[in-house]
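A short worksheet on the structure shown next.
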Amino acid sequence: MINDRPITYLDSAASSVPPRAVIEAMSRHYERRHANVHRGVYQTANESTHDYESAREAIARFINAPAGANEIVFTKNTTESINLLAKSWGAANLKAGDVVLVSEMEHHANIVPWFQLREALGIEVRFIPVGDDFRLDLTTIDELLEGVKLVSVTSMSNVLGTVNPIKDLAQIAHRHGALIAVDAAQSVGHSPTDVTELDVDFFAFSAHKMLGPTGLGIFWTRQEILADMPPFLGGGGMITDVSSTGYVPAKGPTRFEAGTPPIAEAAGLGAAVLYLEGLGMDNVHEHEHLLTEDALSRLETEFDGRIRVIGPRDTIARGGVISLDVEGVHAHDVAQVLDQFGVCVRPGHHCAKPLMKRFNLIATARASYGPYSLIQDTDVLLEALTDAVKLFG
Amino acid sequence: MINDRPITYLDSAASSVPPRAVIEAMSRHYERRHANVHRGVYQTANESTHDYESAREAIARFINAPAGANEIVFTKNTTESINLLAKSWGAANLKAGDVVLVSEMEHHANIVPWFQLREALGIEVRFIPVGDDFRLDLTTIDELLEGVKLVSVTSMSNVLGTVNPIKDLAQIAHRHGALIAVDAAQSVGHSPTDVTELDVDFFAFSAHKMLGPTGLGIFWTRQEILADMPPFLGGGGMITDVSSTGYVPAKGPTRFEAGTPPIAEAAGLGAAVLYLEGLGMDNVHEHEHLLTEDALSRLETEFDGRIRVIGPRDTIARGGVISLDVEGVHAHDVAQVLDQFGVCVRPGHHCAKPLMKRFNLIATARASYGPYSLIQDTDVLLEALTDAVKLFG
Amino acid sequence: MSNLEDLYREVILDHYRSPRNRGELATPPAIRVEGFNPLCGDEIVVYLMVEDGVLTNIKLTGHGCSISQSSSSLMSAAVKGKTLTQVRDTIIKFKQLMTVHETSLESSPNPEVVDVRTLGELAALQGVVKFPVRIKCATLAWNTLSQALDEVSG
Amino acid sequence: MSNLEDLYREVILDHYRSPRNRGELATPPAIRVEGFNPLCGDEIVVYLMVEDGVLTNIKLTGHGCSISQSSSSLMSAAVKGKTLTQVRDTIIKFKQLMTVHETSLESSPNPEVVDVRTLGELAALQGVVKFPVRIKCATLAWNTLSQALDEVSG
Ligand SMILES: Cc1ncc(COP(=O)(O)O)c(C=O)c1O
Ligand SMILES: Cc1ncc(COP(=O)(O)O)c(C=O)c1O
């Protein structure tokens, strides 16, 4: 409760609110099953390992990984997943002059690792432009793909809500001999995901944006690719042997899981997947689609043009992330006024500064929906926005 | 309950059991305060940031970091902390021929990252030998320190229980112009820690071994050193600016915290620190010391020499980790029999293969104490061991 | 509970809508210092003319939220024409006004240390301490000015 | 609940204490294949002589827990002197014995698929499935043998 008002949580794009089932799965894990994974013989150690490995299976099923759990690596977040891609696969497979093609609407998590690789190896980082319609401008995609070894794009922009045509991009990339990686942080918790059908090569996302806990990310790639990726972090759990002279890395996903992994978090993610499967991802998608359509049309009609939505107006290939630019009011102030109504929105550049620059913006106030969002949330949002516009006259 | 027996948890060296206060701090975080950290304006985002940043302060206080929270970096585990040391500080400050001095009793987490750096840069990795008394053999330490830029040793062995003389080693290392890093995973939750008094340079440990949650590690170094360490993982939160041509890394600990950090886990760690401070680390240490002394003397007298303790017999500079070698019974089988008594011990090489090799062992069965351990736990352990010895005759 | 009128006082909104001392000064003779808040993207550039120990002119550019913009405007009005000693004194007073008591997120300014009556229009910013995340917005201009003064004194 | 007598049957303890067919064979003509379980450090080396489609000799070295050691000893006794077809058949049967039903950690061997009476002493290992972590111990030797046979067939 804030100022005696209930909280209206419209910041799911930053982090979703885990349902009780997820919180309880973690508490239960700590209370009854906690132990380090692997190597244990005793019952709780087995149960702990079971929690951890069944989460891997649940995720493999949830995104339809062709070879199942063997293709799922647990990291700490999307950002580490993309760093793993860049620093393991990238460092081993890219050389000076090779091009990584990202887009102008990427989150810093899908830009900075490539800049770091550019510093280290001299690769080129190229950007797919974003059009005035807030969508990828693919008119020159064939030229852009010249020399490209990897396309790495987001499935959905965390600022614009734009959903990108990943399946088409995968086809085009493959036609040019490039692989394709997807920053799926914003889409996995909001619509059905099928990496087999998309025919992509790498997939990165976070548990905390799909009703799961913080501290856990997911990296998927095809078994064949994973098998050849060199180790990244070194330590326990990722080796088959260590002597005083050298080490032999493990096969399979554990090669990339050095040290004690986020075990309770995996138990939480397992519960989140069950919860989302229970809702049905088609239903989640349709639900958020209706909320978005309604909000966009009311924002358009109720504010005399004083509020501009930074993102596509149509809701085909568009998710429930609504970035607002309120005329004459800084995003920080918008969020502050909204907070007084208990409305949680996020002001700022949303870790997408190149995109903000593209649209000459310093910051937007971003409202975003989750499976638990209601049309009443939009009512409160609009009421609060009306007040903000009034206050700053 | 296992076979109608309550669980006797003797695997704290692998992962400790969080008290209710810690589990509840996390549940509360998710239920009432969850939101992504930083950049938020609304109340729950502030509270979330507050949870996260107060954990940083709590840890700084707990280990007595000279410049406070500005020196604390959150990682995912000890292993990542040591990898951060190797891949950021190490890569920037070491060159071919430089020596990193570790010890024969290190966990793989403090070996493999240095082997990886050897592959990358051509450094030398040298080992301090372990004597037949299960302690570091420091007779030739001055020679060993020849050409050494960094000493990286564990404060306490996770196999032997040996507590190393870190303060002395720091003095010797500094006298030779080397810095010193400490793998403190096994000691921080079991005895008082004061990095200022130890006069060390780097410190790495895990929340899950000090009554906190999985998914969270800690890296400490002096402010001056931290300020010059180059970024490691790239992404959101670790930058001050990103454009389409480059990025500017943030100052301070956040430079090393790319992406959404383990927020709820930090809330849990904050609660764990309060809990341990409430117990008093001197008391925790004394408690475990008494348990260890008692167990060692009973193991010595009750088994006619059929059970050998792999670790120092004296309990000065020795922690509550007791590795057992049962004559004629493989550690796996020991653990299996013990499990039938509800006793959780860990069989295996404990991620310390060079050490196992040093003592010609394949595996030990390791029992380890935590602040919550009781002398009754030892009673059940000995009863179960008696059965194991009998079964395998 | 904190409430909006405390934060967005009329004086603040006025300075936000009609900022004082906007513009640039030629450097040299003026000095120029930039301030930046990476968390929210607020930017401020302070231009200072100092002659014989007196801050004879100040101009500002940049962009940011109402708090950072009005705070910089209020600051420029408060320090222009003052001696450097007076300016430093004002900076200290303002910083004290912005100090939150560690023990509480609900703090109000510390009355023992700052007599708000001596602050003139600046006192309008005292509501900011009830919104701890916004303190950084309010102090950005002041930290930048502070830095500029350090450059003057070498 | 699972219990210890199910796991550590007398036959198993006997094969652990007095393993059959320990030793090495000259390579060539014998072939040599190593198996390794990184999780527990168990190691096994299998030496095979195959002549005219018959496994005429088998020797084993390595170390490990009672389950992995007795399983390899039992295996050697079960396959020595058999035709490769019979050996493959035995491997398949043993693997089926070790299959846990996905739906339950408490599974027992699948009676429809494996007739334990045809397994002789090997049946003693059926208690292992009640201890899922130990299945890897029991199957190590068998997987290594399987690999060795693949090498024989090219
Ligand atoms: C001495 C020592 N160092 C490092 C580690 C690795 O810790 P983590 O698995 O939390 O990274 C452990 C625990 O397994 C340990 O005992
Ligand atoms: C599109 C996109 N990519 C990557 C990330 C980074 O995710 P995380 O912070 O969990 O690493 C986010 C979320 O902040 C995002 O929205």
Side-chain angles (χ1 to χ4, degrees), chain A residues 2 7 11 14-15 17-18 23 27 30-31 34-36 39-44 76-80 83 107-109 111-113 115-116 127 206 208 213-216 233-236 239 241-244 246-247 258-260 262-265 332 335-336 339 344 346-348 351 353-354, chain B residues 2 7 11 14-15 17-18 23 27 30-31 34-36 39-44 76-80 83 107-109 111-113 115-116 127 206 208 213-216 233-236 239 241-244 246-247 258-260 262-265 332 335-336 339 344 346-348 351 353-354:
Chain A
I2 290 175
I7 287 178
D11 197 18
S15 202
V17 179
I23 299 173
S27 299
Y30 281 119
E31 276 158 17
H34 188 55
N36 213 317
R39 252 175 302 273
V41 168
Y42 56 85
Q43 297 268 344
T44 51
K76 70 174 160 183
N77 52 28
T78 305
T79 304
E80 192 193 354
N83 276 275
H107 187 281
H108 296 162
I111 298 176
V112 180
F115 283 176
Q116 293 181 321
F127 288 80
S206 293
H208 74 95
T214 52
L216 181 61
L233 304 183
I239 55 97
D241 199 17
V242 177
S243 70
S244 55
Y247 75 101
T260 304
I263 310 170
E265 290 75 6
H332 231 136
Q336 188 78 63
D339 181 47
C344 306
R346 187 148 296 240
C351 295
K353 289 194 113 184
Chain B
I2 290 174
I7 287 178
D11 197 18
S15 201
V17 180
I23 299 173
S27 299
Y30 281 119
E31 275 158 18
H34 188 55
N36 213 318
R39 251 177 303 273
V41 167
Y42 56 87
Q43 298 266 345
T44 50
K76 70 174 161 184
N77 52 28
T78 306
T79 304
E80 193 194 353
N83 276 275
H107 186 281
H108 296 162
I111 299 177
V112 180
F115 282 175
Q116 292 181 322
F127 288 80
S206 292
H208 74 95
T214 51
L216 181 62
L233 303 185
I239 55 97
D241 199 16
V242 177
S243 69
S244 55
Y247 76 101
T260 303
I263 310 171
E265 290 75 6
H332 231 136
Q336 187 79 62
D339 180 48
C344 306
R346 188 151 295 243
C351 295
K353 289 195 112 182

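By convention in this document, chain letters (A, B, ...) are assigned in the order of the sequence lines, proteins followed by strands, and residues within each chain are numbered from 1.
For the set A:Ile239, A:Val112, A:Thr260, A:Thr214, the count of heavy-atom pairs under 4.5 angstrom toward chain B peaks at A:Thr214. Interface summary for chain B: among A:Asp11, A:Val242, A:Asn77, the most heavy-atom pairs under 4.5 angstrom belong to A:Val242. With chain A as the partner, the residue from B:Gly259, B:Ser206, B:Ala264 showing the most heavy-atom pairs under 4.5 Å is B:Gly259. Between chain A and the residues B:Ser243, B:Pro113, B:Ser244, the most heavy-atom pairs under 4.5 angstrom are made by B:Ser244.
Between B:Asn83 and A:Leu233, the closest heavy-atom pair is OD1-CA, 3.4 Å. Nearest heavy-atom pair across B:Ala258 and A:Thr79 is CB-CG2, 3.6 Å. Taking every heavy atom of both residues into account, A:Ile23 and B:Ser27 meet most closely at CG2-OG, 3.6 Å. Heavy atoms only, all atoms of each residue included: B:Pro213 and A:Tyr30 are closest at CB-OH, 3.0 Å.
Atom CG of B:Leu216 sits about 9.5 Å away from atom NZ of A:Lys76, to the nearest 0.5 Å.
A:Thr78 does not touch chain B: none of its heavy atoms, backbone or side chain, sits under 4.5 Å away. Looking at A:Phe127, only its side chain comes within 4.5 Å of chain B, counting heavy atoms on both sides. Only the side chain of A:Ile111 comes within contact range of chain B, judged by heavy atoms closer than 4.5 Å.
Side-chain atoms of A:Glu265 and B:Glu265, non-hydrogen and from C-beta on, do get closer than 4.5 Å to each other.
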